[in-house]
Amino acid sequence: MLDPRLFRADLEFVTEQLNRRSFNFDSESYSELEAKRKAIQVKTQELQNERNSRSKAIGQAKARGEDVQPLLDQVQYLGDQLKATEAELSDIQSIMTALMEGIPNILDETVPVGKNEESNVEISRWGDKPEFAFEPKDHVDLGSNKGMSFELGAKIASARFVVLNGMLARLQRAIIQLMLDTHVSEHGYNETYVPFLVNADSLRGTGQLPKFEADLFKVNNDPTLYLIPTAEVPVTNIVRDVIIDAKDLPLKFVCHSPCFRSEAGAYGRDVRGMIRQHQFEKVEIVQIVKPDESRKAHEELTGHAEIILQKLKLPYRKVLLCAGDTGFSSAKTYDLEVWLPGQQAYREISSCSNFKDFQARRLQARWRNPETGKPELVHTLNGSGLAAGRTLIAVMENYQDADGNIQIPEALLPYMGGVTIL
RNA sequence: GGAGAGGUGGCUGAGCGGUCGAAAGCGGCGGUCUUGAAAACCGUUGAGGGUUUAUCCCCUCCCAGGGUUCGAAUCCCUGCUUCUCCGCCA
């Protein structure tokens with residue numbers, strides 16, 4: 001959520017900024033609402049003040065043993081009037097909250113203009129694309145005789161689920177292990193285990209609700225719970241309603257979890273293979289930092305995700321998302337895109353975002369600034385480090401040979417129990 | 001799933017329906033004392049919002065949501081949650 005004070009102070013600036021990401025903000029009807037809110041709030045508070053002081057007077061008169069009946073008669077009319085204005089105020093407040101919760105974050109000034117992913121800016125490339133003396137297969141073909149079964153996934157659950165058997169399942173586990181170990185031992189993250197079902201408050205805190213409910217899976221027999229679309233939700237919500245000691249910042253969490261997405265808006269896309277599933281594994285890294293450190297933390301965190309790709313010697317590129325492609329809650333996002341020989345394309349494998357105080361305001365996640373002595377909002381960041389399912393297919397496709405075997409990358413050997421080739 | 005006891009400020013913990021945003025202690029901050037520190041003593045110390053140049057002033061918040069009342073931290077209802085015991089269970 002954006003700072004309501006910003007709207008009052010400089011509505012034009014806000015409108016302009018939101019236009020950058022093609023969000024059409026109707027500042028005129030906002031102003032009307034805001035004026036109405038102010039008037040009703042002032043009126044309500046005046047009435048409340050009157051009630052309070054009169055009630056106090058009644059108490060004092062009673063204490064002196066006076067007859068309070070005349071005073072009671074005077075105050076009779078207040079009740080209904082107050083109840084009515086309070087209801088009016090609460091109505092307009094919930095209208096405004098709903099409005100504010102639907103407004104996306106203001107973009108960082110370094111975010112390039114553009115409507116969609118075609119305007120994203122490539123920042124760097126790493127690694128050499130493998131050259132094959134044969135036509136490289138995609139992971140679906142490579143996996144068909146190695147325990148990857150979409151048929152079983154569909155039988156057991158539905159389309160967009162997969163079953164991994166034997167060494168492929170182990171390979172995915174090895175990938176997850178490598179990521180966790182690297183982030184914990186080399187990057188100083190704190191390993192966390194969290195609920196995979198979360199309540200609406202948590203989803204509102206990180207920005208998935210109220211706007212993106214269609215992307216979530218809900219729990220049938222408990223309508224208060226949702227399956228997590230990413231560990232970002234439970235992990236970032238650790239600091240909801242918390243005032244953090246300055247000396248404890250930055251907080252750095254790493255968390256492996258399954259992720260569940262209904263992919264409501266993507267029915268026709270990536271129907272083949274493991275690219276886009278209803279359930280996938282991911283290792284998520286999250287940082288909670290002081291506001292003036294988030295810029296640096298964002299670069300750092302993105303670098304932490306890159307290290308994994310480098311350890312696996314997977315060619316990738318780093319892309320700065322343009323205005324139109326940057327997510328709702330994010331101020332700035334880098335995507336890491338891994339090279340997939342089976343598709344002859346770079347595909348997203350990590351998304352690293354700086355949310356600045358957007359999530360923190362919804363979460364009421366604050367720190368005590370020693371300079372002011374006051375609680376102030378923190379900045380939150382997160383990134384996939386990495387999506388494990390997509391890493392698995394990247395390994396399969398980049399490490400294939402002419403016979404359809406898969407070499408195990410060196411970095412994963414310690415986790416593979418002596419197996420070097422699948 | 002059943003029975004019982006709780007949820008109050010950074011923490012511990014008081015609080016006959018009226019002057020309670022809330023005693024006391026701890027912690028924090030400022031000061032006195034000291035070469036310095038500790039101890040002791042004095043003072044100060046919640047959050048959000050409205051109005052305002054600023055101060056003043058005002059409103060809201062004692063788990064959450066309803067209700068009773070002129071007036072609710074205090075009474076009633078519902079929910080959530082923590083703890084203890086029983087049952088079930090990986």
Side-chain angles (χ1 to χ4, degrees), chain A residues 1-11 30-31 33-101 193-205 209 219 221-226 234 237-249 251 258 288 357 360-378:
Chain A
M1 202 160 79
L2 295 171
D3 189 350
R5 280 171 296 197
L6 191 58
F7 284 71
R8 286 173 222 149
D10 198 345
L11 194 56
Y30 171 87
S31 300
L33 263 180
E34 170 62 14
K36 207 166 138 196
R37 191 221 95 231
K38 197 180 273 191
I40 295 170
Q41 182 160 343
V42 168
K43 188 176 161 202
T44 308
Q45 294 192 351
E46 276 168 4
L47 285 170
Q48 285 171 329
N49 183 19
E50 190 173 344
R51 177 204 59 196
N52 290 349
S53 52
R54 284 185 187 252
S55 291
K56 200 170 270 187
I58 292 172
Q60 285 164 346
K62 213 170 182 179
R64 287 192 300 266
E66 296 169 11
D67 176 20
V68 295
Q69 194 52 47
L71 291 172
L72 285 179
D73 292 342
Q74 280 177 22
V75 96
Q76 212 72 45
Y77 73 98
L78 262 175
D80 292 342
Q81 208 179 334
L82 185 57
K83 204 166 274 184
T85 34
E86 273 176 348
E88 215 179 329
L89 180 62
S90 123
D91 281 353
I92 196 160
Q93 274 171 341
S94 39
I95 289 171
M96 294 200 75
T97 306
L99 180 76
M100 293 299 282
E101 280 182 340
Y193 174 81
V194 294
F196 301 152
L197 294 172
V198 293
N199 58 36
D201 283 341
S202 294
L203 289 158
R204 199 172 298 113
L209 287 181
V219 178
N221 73 343
D222 187 344
T224 70
L225 292 175
Y226 299 78
N237 272 275
I238 289 172
V239 296
R240 170 151 54 91
D241 295 323
V242 176
I243 299 172
I244 305 162
D245 266 12
K247 66 172 161 44
D248 293 333
L249 292 173
L251 293 174
I288 315 292
D357 63 10
R361 186 168 294 104
R362 291 168 166 243
L363 293 161
Q364 282 303 298
R366 294 171 293 175
W367 67 301
R368 197 169 290 277
N369 185 343
E371 282 174 32
T372 61
K374 293 282 177 195
E376 296 171 12
L377 296 170
V378 295

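Model, not experiment: these values are computed from the prediction. Values below: every heavy atom of this structure, side chains too, minus hydrogens, waters and symmetry copies. Letters go in sequence order (proteins before strands), and every chain restarts at 1.
In this structure, the side chains of D201(A) and R204(A) come closer than 4.5 Å at one or more pairs of heavy atoms. Side-chain contact between R37(A) and E34(A) is present, with heavy atoms from C-beta onward closer than 4.5 Å.
Taking atom CG of residue L47(A) and atom C1' of nucleotide C70(B), one finds them 14 Å apart after rounding to whole Å. The NZ-P distance, from K43(A) to U51(B), rounds to 17 Å in whole Å. Between the P atom of A72(B) and the NZ atom of K56(A) lies a distance of 12 Å, rounded to the nearest Å. Here the P atom of nucleotide A72(B) and the CZ atom of R51(A) are 6 Å apart, to the nearest Å. Atom CD1 of I243(A) is separated from atom P of G46(B) by 12 Å (rounded to the nearest Å). Rounded to a whole Å, the NZ atom of K247(A) is 11 Å from the C1' atom of G10(B). The distance from atom CG of L82(A) to atom P of A72(B) is 10 Å, rounded to the nearest whole Å. In this structure, Q60(A) atom CD and G71(B) atom P are separated by 17 Å, rounded to whole Å.
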Practice problem: Determine, stepwise, if the pair V198(A) / N237(A) fulfils side-chain contact (heavy atoms from CB on, under 4.5 Å). | Solution: CA-CA 10 Å; V198(A) 293; N237(A) 272 275; over 6 Å; no
Self-check item: Check against side-chain contact (heavy atoms from CB on, under 4.5 Å), Q48(A) and L82(A)
Solution: CA-CA 7 Å; Q48(A) 285 171 329; L82(A) 185 57; 3.7 Å; yes
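Taking the side chain of R366(A) as heavy atoms from C-beta on, and the options G50(B), G48(B), C59(B), the nearest nucleotide is G48(B). Nearest to the side chain of S55(A), among A47(B), G18(B), G50(B), sits G18(B).
Here U74(B) sits opposite no nucleotide as a Watson-Crick or G-U wobble pair (both hydrogen-bonding atom distances under 3.5 Å). Nucleotide C57(B) is matched to G50(B) when pairs are restricted to Watson-Crick or G-U wobble geometry with both distances under 3.5 angstrom. Base pairing of A5(B): its partner is U82(B), meeting the Watson-Crick or G-U wobble criterion (both donor-acceptor distances under 3.5 Å). Pairing partner, G43(B): C29(B), with both Watson-Crick or wobble hydrogen-bond distances short of 3.5 Å. When both distances must be under 3.5 Å, the Watson-Crick or G-U wobble mate of A24(B) is U12(B).
Rounded to a whole angstrom, the distance from the P atom of G30(B) to that of A24(B) is 22 Å. Spacing between G17(B) and U32(B) at atom C1', rounded to whole Å, works out to 44 Å.
Inspection of the N199(A) and S202(A) side chains reveals an N or O donor paired with an N or O acceptor under 3.5 Å.
Residue-to-nucleotide proximity on RNA chain B shows that, of G59(A) and R8(A), the 5′-proximal contact is made by G59(A). Between Q45(A) and I58(A), the one whose closest nucleotide on RNA chain B sits nearer the 5' end is Q45(A).
Within 4.0 Å of N52(A), counting heavy atoms only, lie sugar-phosphate atoms of the nucleic acid but no base atom.
Not one side-chain nitrogen or oxygen of N49(A) sits closer than 4.0 Å to the OP1 or OP2 atom of C58(B).
Looking at K62(A), its side chain comes within 3.5 Å of the base of G18(B) through a donor and an acceptor atom.
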